[in-house]
Amino acid sequence: KHFYSFDFTAFASPGEREITFNGNSETLQLLKTGQPLAYTLPTPEEGALVEVDNRISKAIRSIVAELIGASTKIVVKGGQASKELEPRDIGVTASHRSMNGDILKELGSEFQGVRVDTPERWQGLERPIMIAVHPLSNVTEPSDFDLETGRLCVMTSRHQVGLIIVTRDHIGKTLNEYIPSAAQAPGLSDTVGRGHFAHRTFWQSLESAGRVKQLN
């Protein structure tokens with residue numbers, strides 16, 4: 001699942017990891033292929049927000065409600081019986097603690113059991129369904145922190161059945177217009193350039209696969 005050479009077909013494993021549901025859930029219909037999905041929200045006309053984006057938090061709550069409310073059943077491993085999706089089967093991650101706190105507040109007691117934490121705290125852990133706030137959502141001038149490759153790698157590899165990325169819609173434009181500056185000391189690797197390449201490859205792979213959808 002490494003995003004340097006992101007192969008979306010590697011996520012689809014019919015007969016092993018499955019999602020079934022009742023009703024007309026668009027999100028679950030898109031996740032049935034086993035491929036990751038990105039939902040975008042319009043970037044505010046006044047510009048990017050700083051760290052906390054309550055509209056993203058509300059969108060994540062709506063997605064969780066849709067997943068739980070559709071009588072969703074999942075098969076995490078081949079040969080296992082299907083089980084009904086519960087809040088504890090869903091994980092959410094965002095780069096900043098303040099954003100995670102806002103998401104937890106929006107989820108409230110109704111969805112208690114959904115784990116919400118930073119990518120650093122998600123290392124070594126998994127959930128059937130993961131929802132990730134893209135590290136560059138609301139970031140129009142990426143820093144070393146924003147482009148750090150390990151953070152995106154963790155975010156895109158903690159799911160067992162389905163992955164949903166939520167972000168503002170400027171991501172493609174920001175990555176296309178950004179010019180990395182090689183400010184590292186002589187002899188050291190260009191971590192910023194490498195991070196930019198990884199982020200751009202990941203996002204372009206989502207777009208070319210038709211996996212980027214706009215939320216109303």
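Keep in mind the model is a prediction, meaning the values are calculated, not measured.
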Point to revise | Ile60 CD1 to Ile131 CD1 distance, which is reported to the nearest 0.5 Å | key: 6.0 Å
Review point. What do you reckon, is CD of Glu45 surrounded by more than 12 foreign heavy atoms closer than 6.0 Å?
Key: no
Check your understanding: Honestly, is Arg151 close enough over Phe145, meaning NZ or CZ under 6.0 Å from the six-membered ring centre and within 45° of the axis?
Key -> yes
Exercise for review: Using a strict cut-off of less than 4.0 Å between a Lys/Arg side-chain nitrogen and an Asp/Glu carboxylate oxygen, indicate whether Lys58 and Glu106 qualify as a salt bridge.
Suggested key: yes
**Study point:** Single hit among Gln160, Lys83, Glu86, Gln80 for side chain to side chain contact (heavy atoms under 4.5 Å, CB included) with Ile74
**Key:** Lys83
Review point. Any chain of hydrophobic side-chain contacts (each under 4.5 Å) joining Tyr39 to Val92?
Key: yes
Point to revise | Verdict with reasoning, Ser143 to Asp146, per side chain to side chain donor-acceptor pair (under 3.5 Å) | key: CA-CA 5 Å; Ser143 66; Asp146 302 315; 2.9 Å; yes
Study note, to complete from the structure: Value for CD (Gln35) from CZ (Arg211), rounded to nearest 0.5 Å, stands at 4.5 Å
Revision key, fill the gap. One should read off an interatomic distance between Arg168 CZ and Thr174 OG1, to the nearest 0.5 angstrom, of 13.0 Å
Review point. What is the ring orientation for Tyr178 with His196, classed by angle as parallel under 30°, tilted 30 to 60°, or perpendicular over 60°?
Key: tilted
Check your understanding: Once you round to the nearest 0.5 Å, how far does CZ of Arg97 lie from CD of Glu120?
Key -> 8.5 Å
Study note, to complete from the structure: Interatomic distance, OG@Ser57 vs CE@Met99, rounded to 0.5 Å, equals 3.5 Å
Practice item. Give a yes or no on whether a salt bridge exists between Arg61 and Glu110, defined as a side-chain N under 4.0 angstrom from a carboxylate O. Key: yes
Exercise for review: Please assess Glu66 against Thr27 for the test side chain to side chain donor-acceptor pair (under 3.5 Å), listing each intermediate value before the final yes or no.
Suggested key: CA-CA 8 Å; Glu66 181 181 357; Thr27 297; 3.0 Å; yes
**Study point:** Presence of salt bridge, Asp89 and Arg127, under 4.0 angstrom
**Key:** no
Check your understanding: Of Ile90, Leu125, Asn100, Leu104, which meets side chain to side chain contact (heavy atoms under 4.5 Å, CB included) against Arg115?
Key -> Leu125
